[in-house]
Amino acid sequence: MKKNGKTYTPYILSVIAAVAMFYIIQSLALNPGFENMLGFDTMNSILIFACWVVRIFLVIFLLYTNSFLIKQRRKEFGVYHMLGLEKKHLAITLFWESLSVLVIGLLAGILFGMLLDKLLYAVLIRMLGFSVPLGFFVSPLAIGRTVALFVVIMALNYFYDIAQIHATSPIELLHGTDMGEKEPRAKWLLAILGFILLATGYTISLKIEDPVSTLAFFFVAVLCVIFGTYLLFTAGSIALLKLLKKKKSFYYKTNHFVSVSGMMYRMKQNAIGLAHICVLSTMVLVMISTTSSMMFSMHDILYTRYPMQNMCYVSGTSRSDDQKMIEAIHQMAKETGCDVKDEIYARGCIIYTRRQGEAFEADVTAMGTSAGVLFCMNLEDYNKNLHTKETLEPGEVLVYAAHERYGKDTIEIMGQDYRAKEVKKAPCNGQLASYMSSVYYIVFPDEAAVEQIAERIPYQYDDSFNELRSYYGIDIDGDADQQKELYKKIQKYPSTNMSSFSVENRNVNEKSLNALYGGLFFTGAFLGVLFMIATVLIIYYKQMSEGYDDRKRFHIMQQVGMTHEEVSSAIRSQVLMVFFMPLVAACIHTCFAFPMIRRMLSLFNMRNTALLAGCMVGCFVVFGIIYVLVYLMTARTYNRIVQE
């Protein structure tokens, strides 16, 4: 282990970091300090999901890094075998090495994780808007799960190493990484499949307009892009270089000849690692930019979901009943010692529909699906709420689509055609903003038209579907205590002659919303850091691998007559091209993912496209700077190996 310090030290450090990260996320998920906080269930669910993501990722990542480590030591094992050691002796040696790495990783990683755990717990608590409690929490269960996971990972790595040694002859071990240097073959079918998969993922992102359908197809698009990336890096790059090689006017030039030939072998050896870097970089960019944009737009999201301090939802009443309720709430506000600052009121019906182009057909089975939800209201309420002076001609309706642009001149509702006049302001939000389905506000000329629509809703078995529902919101100029007092008074309002009555308070629900978006941001940042560490380690190993390979290439190229400067220039250009290829591909992936991410975030009331774009650009700039710094640092190791 000491003699292989260049490869073993980063590996041990990566194990320590992996142990620390896993312990921290497990400890946070098990921390009892969250239990008494509003939004605990949401926060806990996010952390548990993050635990499984980290667990799966660490298994794959450490298996990959171990495979690189054993590849670099093949020649060493071959020498041992030639000197008389049997494979069983090598197995014993590897066992003690694996055990040493496991013990060092667990002891240092758990200790480091305990030190960071309190800090990250405090950061998360403050992010959620709570005060940080005193005390230091150590979770025996988190320690046990961490030990169990890494015992399994190290056991898998050990058995993989043993299988590699037993499946390889002593001569192959002795030749080590020199084996298998035949020119790679072009795998056209895989290259074409990779292109098709990537094009499919991009097309899904660009073409699907409905936000709920976008959410359903998101993972399909992600899988297509991931598999397409791996196939294009491994097979597509070789196929492209083969085409360039066949073009004699291009290939038989000094610079092109050396570059194409060198890149062919370089891609053969590093394609998987480059694909790993590209996928991890894309994950970092998408996760951090998405969660940070949601966090920064918390105020807008909160006021979209809760447009007023108190929102009342009533069904089964007449407009006169609603007026009595409003007068009673005004009286309650006076009793709390404050005045009404602003209020909104809308009365209408909800229709669960399935959409076919411009046609919306009522369908009870559409509840909770990707179908549209229509809220039909009258023009008077719309103008009063938004302080506008919109007008409607006979047979015309106003249309506002909450999550997307409607973009049609006509609309058909349960077989009746109307001319559509699209508007850009929502008449009311509240509970309607929480619907995951596409929500459309339809404004009719008068309430009689709305009542006629409600009567035609074909829910014969349940009259509540035909009832008109009222939405009333009120803001007062009082302090937090007065707002809380008014909220409690409204909750006690008698529900006589009402099918249903409920009230929501913005301040009460703000903590739950903070738990959701704060938890998502923390998880995105945590996983982003984890993936970035993995990216750095893969880059380091890739630089080392290329350094050992290029040291031989330097010697061979100079023997066939190329000068030292020509060789250095050719290899430097290849290394730069290969190194920055994943970053460019990750940028392209992120750009094509932008429309899909924007539509999905609209389901969570995050509709600030400029903010999302700014977060993505900012994340890419910061990540690009880190990427370049990593290159400059690892390039030193590369140059040192090449010049040995």
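One-based numbering along the sequence shown.
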*Please examine the side chains of Leu63 and Tyr160, heavy atoms only from C-beta on, and report whether any two atoms are closer than 4.5 Å.*
no
*For Tyr158, check side-chain hydrogen bond (donor to acceptor under 3.5 Å, both in side chains) against everything at least two apart and list the hits.*
none
*Would Val628 and Phe580 satisfy side chain to side chain contact (heavy atoms under 4.5 Å, CB included), going step by step from the backbone distance to the final call?*
CA-CA 9 Å; Val628 172; Phe580 286 99; 3.9 Å; yes
*Given Val59, Leu58, Val101, the one that forms side chain to side chain contact (heavy atoms under 4.5 Å, CB included) with Phe150*: Leu58
_More than 12 heavy atoms of other groups within 6.0 Å of Leu189 CG_ = no
*asked:* Suppose we screen for side chain to side chain contact (heavy atoms under 4.5 Å, CB included). Which residues come up paired with Phe623, at least two apart in sequence or across chains?
replied: Ser281, Val284, Leu285, Met532, Leu583, Tyr627
*CZ on Arg145 to CZ on Phe22, rounded to 0.5 Å*: 8.0 Å
*Can you tell me if Ser292 uses its side chain to pair, donor with acceptor, with the backbone of Ser289 under 3.5 Å?*
yes
*When rounded to the nearest 0.5 angstrom, what distance separates CG in Leu193 from CH2 in Trp188?*
14.5 Å
*Ala525 and Ile288: which non-hydrogen atoms are nearest, and at how many Å?*
CA-CG1, 4.5 Å
_Show every side-chain hydrogen bond (donor to acceptor under 3.5 Å, both in side chains) that has at least one partner inside residues 581-597, sequence neighbours left out._
Tyr202-His589, Thr229-His589
_Please find the pair of heavy atoms, one from Val15 and one from Gly105, that lie closest to each other, and give the distance._
CG1-CA, 3.9 Å
_Separation between CG of Asn66 and CZ of Phe61, rounded to the nearest 0.5 Å_ = 11.5 Å
*From Leu30 atom CG to Ile25 atom CD1, the distance as rounded to the nearest 0.5 Å*: 10.5 Å
*Is there a side-chain contact between Leu62 and Ser14 (heavy atoms, below 4.5 Å)?*
yes
*Heavy-atom pair of closest approach, residues Thr290 and Val286*: OG1-O, 2.6 Å
*asked:* Could you measure the distance from the NE2 atom of His276 to the OH atom of Tyr230? Nearest 0.5 Å is fine.
replied: 4.5 Å
*Any donor-acceptor pair under 3.5 Å from Ser27 side chain to Ile24 backbone*: no
Distance-only donor-acceptor pairs under 3.5 Å for side chains of residues 107-116, two or more places apart:
none

_Residues which pass side chain to side chain contact (heavy atoms under 4.5 Å, CB included) with Thr291, listed by chain and number, not counting sequence neighbours_ = Leu520, Phe521
*With sequence neighbours left out, what residues match Ile104 under side chain to side chain contact (heavy atoms under 4.5 Å, CB included)?*
Ile12, Ile16
*asked:* Measuring only between side-chain heavy atoms, which start at C-beta, is Asn157 closer than 4.5 Å to Tyr11?
replied: yes
_Contact between Leu197 and Val225 at the side-chain level, heavy atoms closer than 4.5 Å - yes or no?_
no
*asked:* I want to check something: taking the side chain as every heavy atom from C-beta on, are Leu612 and Leu601 in contact at a cut-off of under 4.5 Å?
replied: yes
*Do Ser205 side-chain atoms and Phe592 backbone N/O form a donor-acceptor pair below 3.5 Å?*
yes
*asked:* Please check if the number of heavy atoms outside Phe227 that lie under 6.0 Å from its CZ is greater than 12.
replied: no
_Distance (rounded to the nearest 0.5 Å) between Ser293 OG and Ile597 CD1_ = 8.5 Å
*asked:* Checking Val54 against Gln26 for the side chain to side chain contact (heavy atoms under 4.5 Å, CB included) test, could you report, in this order, the C-alpha distance in whole Å, the side-chain angles of both residues, the deciding distance, and whether it holds?
replied: CA-CA 10 Å; Val54 172; Gln26 280 287 338; over 6 Å; no
